[in-house]
There are 2 protein chains.
Amino acid sequence: MAKNKNTEQKIFDAATELFVEKGVDRTSVRDIASKAGINLALMNYYFRSKENLFDAIFTNLVQKNTKDLIQILDSDLALPEKIRKYVSAYIDILIDNPLLVSFFMAILHRSREKITEMEVVSNLYGREIFTQQIIEEGKKGNIRKTDPSHFFVDMISMITFPFAIKPLIKHKNELSEEEFNAFIEERKTTIPEMLLKTLQPCE
Amino acid sequence: MAKNKNTEQKIFDAATELFVEKGVDRTSVRDIASKAGINLALMNYYFRSKENLFDAIFTNLVQKNTKDLIQILDSDLALPEKIRKYVSAYIDILIDNPLLVSFFMAILHRSREKITEMEVVSNLYGREIFTQQIIEEGKKGNIRKTDPSHFFVDMISMITFPFAIKPLIKHKNELSEEEFNAFIEERKTTIPEMLLKTLQPCE
DNA sequence: ATATTGTTTTAAACTAAATTTAAAACGTTT
DNA sequence: AAACGTTTTAAATTTAGTTTAAAACAATAT
C-alpha cells in the first residue's frame with residue numbers, strides 16, 4: 001500500500017524533474033524509468049501513456065499556481081487595483097515556473113483544442129465576476145464602455161506571449177537573463193498602465 | 001532535369017498539405033512519401049531530415065507572407081496610420097494562414113531558441129525605422145515618451161496570441177468559426193485604439 | 001555504340017522510442 | 001496456506017526516422 005503510492009509518486013517526481021531539465025520531447029520513458037529506479041512498463045501501468053503522465057503533471061502544476069490568480073479576479077477589489085495585482089501575480093508565476101510556459105507551448109502545439117478540455121486552464125479564463133465588473137463600471141460611467149472579452153484577451157496576451165518568445169526578445173534587445181527578467185519586471189507596471197489608460201472615460 | 005524538380009516539389013507539396021491537415025508531429029515521413037507517391041528514402045535524399053523539410057516549408061511560408069509587414073514598418077507613414085495598417089495586415093495574414101500559427105507553435109515548442117536563428121522570423125522583429133520613429137516622436141512631444149521594445153512586444157502579443165488560444169476563446173465565448181473571425185476582425189480596430197491611446201501625450 | 005561517371009530511385013536494414021503482453025512476484029484476505 | 005487481486009518484470013511488438021548499398025537512369029566522353 002505504501003509501495004504503491006511510492007512508485008507512482010517516484011514516476012511523477014522523476015518525470016517532473018526530467019521534463020524541466022530536458023523538455024518533454026527530449027525525455028524518454030526509459031529516462032524516467034531509470035531515474036525513478038523502476039521498470040519501464042510501470043510508467044504505462046500507473047499512467048496509461050507518456051501523454052497522460054504529462055497531463056497529470058501539467059494539471060497539478062497549474063492547479064498549484066493559479067489559485068491566487070482566480071482569487072484576485074473574483075475578489076471585490078476595484079478595477080485598477082485588481083488589474084495591477086493580477087498582472088503582477090501572473091508575471092511572478094511565469095517567472096518562477098519556466099516549466100509552465102513550455103508545457104503550455106507543448107499543449108498548444110500537440111493539439112490546440114486540448115487546452116479547451118483542460119479544466120484547470122479553462123477555469124482561468126473569463127471569470128464571471130471580472131466580466132460583470134467591467135460591464136457594470138462601464139454602465140456607471142466610471143470607465144469607458146469596454147468589451148470584456150477583448151479586454152481580457154489583451155491582458156493575458158501581453159502577460160503571456162513575451163514568455164513564449166523570450167529567446168527572440170533576449171536576442172533582439174541583447175539582454176542577459178537578468179536583463180530579461182528586469183524587462184519583464186517593467187511590464188508589471190507598463191501593462192496595467194496601458195490597460196487602465198484604455199479604460200479611462202476621459203476623451 | 002524536370003523529374004528532379006518534380007520529385008522535390010512533390011515532397012514539399014505533400015508535406016505541406018499533411019502538415020496543415022494533421023500537424024507536423026502526427027505526420028510521418030511514410031505518410032509524406034505515400035502521399036507524394038515516392039520512395040521513403042527520397043525524403044532524406046532531398047531534404048536531409050524531416051526537421052529540415054519542416055524548416056524549408058516554414059521559411060518559404062513566412063517569406064511569402066511577411067514582405068508587406070516589413071514594408072509597412074519601414075515606410076514613412078505617420079505612426080497612427082502605420083500602426084493601423086500593420087495590425088490589420090498582420091491579422092489578415094494570420095486569418096489566411098492557420099498553418100503559420102501552428103508552425104510557429106511547433107517551433108516554439110521544439111526549441112524556443114530556434115526561432116532566434118530563423119532569419120525570416122528574426123527579421124520581422126524590432127525594425128530600426130519603427131523603433132526610431134517612436135523615440136523621435138517622443139522627443140518631439142507628439143507622443144508620450146514610450147519604450148519601443150515594450151510597445152512592440154505589446155503590439156505583436158495582442159495580435160498573435162489570440163490565434164494561439166483560438167479554441168479557448170471560441171469555447172469560452174461560445175463562438176462559431178465565423179463569429180471567431182468577426183471577433184478577430186474587431187481587433188483590427190480595438191488593438192490600434194488601445195495602442196494609440198497609450199501613446200497620447202495628454203495626461 | 002559502349003564505357004564511365006554522376007544522379008536519382010529503390011528495397012531493405014538499422015535505431016530508437018513508446019507501448020503491449022504474459023507471466024512472475026508480492027500481499028491480503030479467508 | 002490457498003486464492004485472489006495488485007504490482008512488477010522481462011521480453012515482444014509497433015511505429016517512426018534515418019541510413020545503407022545497390023539498382024536504374026541519364027549524360028558525356030571514348
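Atom set for the values below is all heavy atoms of this structure, side chains included, hydrogens, waters and symmetry mates excluded. The sequence lines fix the lettering, A, B, ..., with proteins before strands; numbering per chain opens at 1.
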Between A:Leu124 and A:Phe152, the two heavy atoms sitting closest are O-CZ, 3.6 Å

Between CZ of A:Arg26 and P of C:dA16 the distance, given in whole Å, is 18 Å

Problem - N/O (side chain, A:Tyr45) to phosphate O (OP1/OP2, D:dT6) under 4.0 Å - result: no

Between A:Thr198 and B:Glu193, is there a side-chain heavy-atom distance shorter than 4.5 Å? no

Between CG of B:Leu42 and P of C:dA12 the distance, given in whole Å, is 15 Å

With sequence neighbours left out, the residues meeting salt bridge (Lys or Arg N to Asp or Glu O under 4.0 Å) with A:Lys140 are A:Glu137

Atom CD1 of B:Ile38 and atom C1' of C:dT7 are separated, to the nearest Å, by 16 Å

What does the list of N/O pairs under 3.5 Å between the protein and nucleotides 18-21 of chain C look like, with a distance for each?
from   : atom 1 : to      : atom 2 : distance (Å)
C:dA18 : OP1    : A:Lys50 : NZ     : 3.1
C:dA18 : OP2    : A:Val29 : N      : 2.7
C:dA18 : N7     : A:Arg30 : NH1    : 3.0
C:dA18 : N7     : A:Arg30 : NH2    : 3.4
C:dA18 : N6     : A:Arg30 : NH2    : 3.4
C:dT19 : OP2    : A:Lys50 : N      : 3.1

Separation of D:dA16 atom P from B:Leu53 atom CG, nearest Å, is 16 Å

Please tabulate, for the side chains in residues 12-19 of chain A, all donor-acceptor contacts under 3.5 angstrom to protein atoms that are two or more places apart in sequence or on a different chain.
from    : atom 1 : to      : atom 2 : distance (Å)
A:Asp13 : OD1    : A:Gln9  : NE2    : 3.0
A:Thr16 : OG1    : A:Phe12 : O      : 2.7
A:Glu17 : OE1    : A:Lys35 : NZ     : 3.2

For the ring pair B:Phe103 and B:Phe54, is the centre-to-centre distance below 6.0 Å? yes

Between CG of B:Asn39 and P of D:dT19 the distance, given in whole Å, is 15 Å

Heavy-atom nearest pair, A:Gln133 first then A:Leu77, reads NE2-O, 2.8 Å

B:Tyr46 OH to C:dT9 C1', in whole Å, measures 8 Å

